[in-house]
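Remarks on the structure that follows.
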Protein chains: 2
Amino acid sequence: MRYFVTLAYDGTNFHGWQIQPNSHSVQEEMERSLGVLLQQEVKIVAAGRTDTGVHAKKMVAHFDCEKQIIDTDNFVLRWNSLLPKDIAVFSLTQVSDDLHARFSALSRKYEYHISCTKNPFLENYSARFGKLDFEKMDKVAKRLFDYTDFTSFCKIHTDALTRDCTIMQAYWEKRGDVWVFTIEANRFLRNMVRAVVGTLVAVGRGRLSEEDFCKIIEAKNRGAAGTSAPAKGLFLVDVTYPKDVFCKE
Amino acid sequence: MRYFVTLAYDGTNFHGWQIQPNSHSVQEEMERSLGVLLQQEVKIVAAGRTDTGVHAKKMVAHFDCEKQIIDTDNFVLRWNSLLPKDIAVFSLTQVSDDLHARFSALSRKYEYHISCTKNPFLENYSARFGKLDFEKMDKVAKRLFDYTDFTSFCKIHTDALTRDCTIMQAYWEKRGDVWVFTIEANRFLRNMVRAVVGTLVAVGRGRLSEEDFCKIIEAKNRGAAGTSAPAKGLFLVDVTYPKDVFCKE
């Protein structure tokens with residue numbers, strides 16, 4: 001039986017999603033707690049990895065187990081009671097065996113949060129950069145739609161075979177005291193959103209023009225782009241699939 | 001010169017507002033950092049104390065100093081750079097000497113946040129109680145307007161001379177996944193909001209009726225009320241004054 005699970009986590013105290021030796025990962029906590037519930041060792045596959053300090057408002061993952069889980073609501077309750085307070089499981093849905101949390105995903109959506117003033121409730125969940133021209137950053141962000149090769153925004157050591165991404169959404173909007181960048185694409189390269197944001201911040205500071213931004217993408221060279229924006233402002237907010245796998249009816 | 005300062009703090013890691021021996025308080029951090037800026041010892045007087053773990057989205061306090069602070073925006077920036085990340089100063093305003101952060105305040109407004117499901121981003125900023133009838137809790141909360149003596153919701157050891165409070169607002173509303181109780185009064189007794197919420201939660205669970213709630217208030221005895229709701233769900237959100245002391249014009 002294959003199950004899809006939706007979850008959220010506060011990434012502040014995790015070394016990212018993926019299990020690594022001598023570090024505290026979301027995957028490790030998820031597999032440990034699920035192992036207790038199912039009384040067997042289980043591997044959990046996520047839609048994507050998040051780096052150290054990156055948050056997820058909604059992550060999707062799958063796992064296989066022999067038993068059928070009948071009362072999924074109760075299972076979710078018990079799972080949450082075994083998880084630390086910075087991870088919460090929202091739902092559990094049995095899906096067909098050919099659905100894969102990573103390979104079946106049609107798109108991923110991220111948000112990057114920038115707060116304009118010091119706010120004690122947002123310090124772990126946003127970055128601050130001083131005065132920025134967000135209208136200009138929003139205008140320049142639209143240029144992302146003109147390209148599909150984002151090598152310039154990709155970490156140098158990556159195992160990705162192709163660097164082509166189709167950008168579906170890219171805009172800045174103000175929510176209360178926070179400016180939020182929303183970006184959705186079929187796939188993202190390693191470190192890509194933080195490199196895009198870091199480069200847009202250079203635009204918002206007046207250090208780069210719209211033309212510079214395009215030239216950076218066209219250079220297909222990571223050295224051309226700005227520095228990455230801090231992890232704490234980044235949230236994975238959604239993953240979509242070809243059909244509504246979360247619909248029980 | 002007397003100055004009013006508005007600030008916010010995440011109360012999670014503080015033993016409340018007030019300076020106490022061997023504990024970490026907001027007042028201590030505020031006075032320490034202000035002392036560095038002004039190069040003199042300063043006392044800061046808040047509109048009210050908050051208990052261990054209680055947050056403030058907006059607190060008002062005052063202090064006196066001999067120097068005139070001309071560039072208040074710059075002063076606020078420098079002050080924030082000396083404060084830890086869980087405290088932020090928003091504004092600084094010179095006021096007349098007869099204004100007092102505590103005694104001149106006309107009202108205080110608190111919010112209590114209850115989350116319905118586990119959410120890693122709200123674990124330090126809300127309480128969870130399982131299923132509650134919030135419509136009923138909202139209806140019963142209106143009975144607070146019928147009374148002014150809230151001895152039943154007051155910590156037994158208090159230095160308050162009178163227990164009369166005029167309730168100005170008291171309602172529950174849903175904001176996203178969180179139910180928020182807003183209560184405004186000219187003044188509050190020690191521990192009052194958390195005792196009111198704890199008793200309303202007993203109503204929401206069906207353990208107390210509307211009549212029981214009124215009888216508890218009429219008993220004028222702390223032993224009659226329910227247990228206090230946890231500190232982490234409580235926020236001081238506003239303090240009002242007779243005239244707009246924050247208006248520079």
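Throughout, protein chains are lettered first and strands after them, A, B, ... in sequence-line order, and every chain is numbered starting at 1. Here the structure is a predicted model, which means the values were calculated and not measured.
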query = Out of B:Lys85, B:His55, B:Lys57, which one racks up the most heavy-atom pairs below 4.5 Å with chain A?
reply = B:Lys85

key: Counterpart residues, side chain to side chain donor-acceptor pair (under 3.5 Å), relative to B:Trp79 (two or more places apart)   = B:Ser33

request  = Determine which residues belonging to residues 105-125 of chain B lie within contact range of chain A, meaning some heavy atom pair is under 4.5 Å apart, and list them by number or answer 'none'.
outcome  = B:Lys118, B:Asn119, B:Pro120, B:Phe121, B:Glu123, B:Asn124, B:Tyr125

inquiry  = If I measure from the heavy atoms of chain B, does A:Leu83 come under 4.5 Å with its side chain, its backbone, both, or neither?
reply    = both

query = Would you say A:Asp64 has more than 12 foreign heavy atoms packed within less than 6.0 Å of its CG?
reply = yes

ask   = Is the number of heavy atoms from other residues, nucleotides or ligands under 6.0 Å of B:Asp177 CG greater than 12?
value = no

ask   = For A:Lys67, does the NZ atom have more than 12 heavy-atom neighbours from other residues, nucleotides or ligands under 6.0 Å away?
value = yes

inquiry  = Can you confirm whether more than 12 heavy atoms, excluding those of A:Arg32, are under 6.0 Å from its CZ atom?
reply    = yes

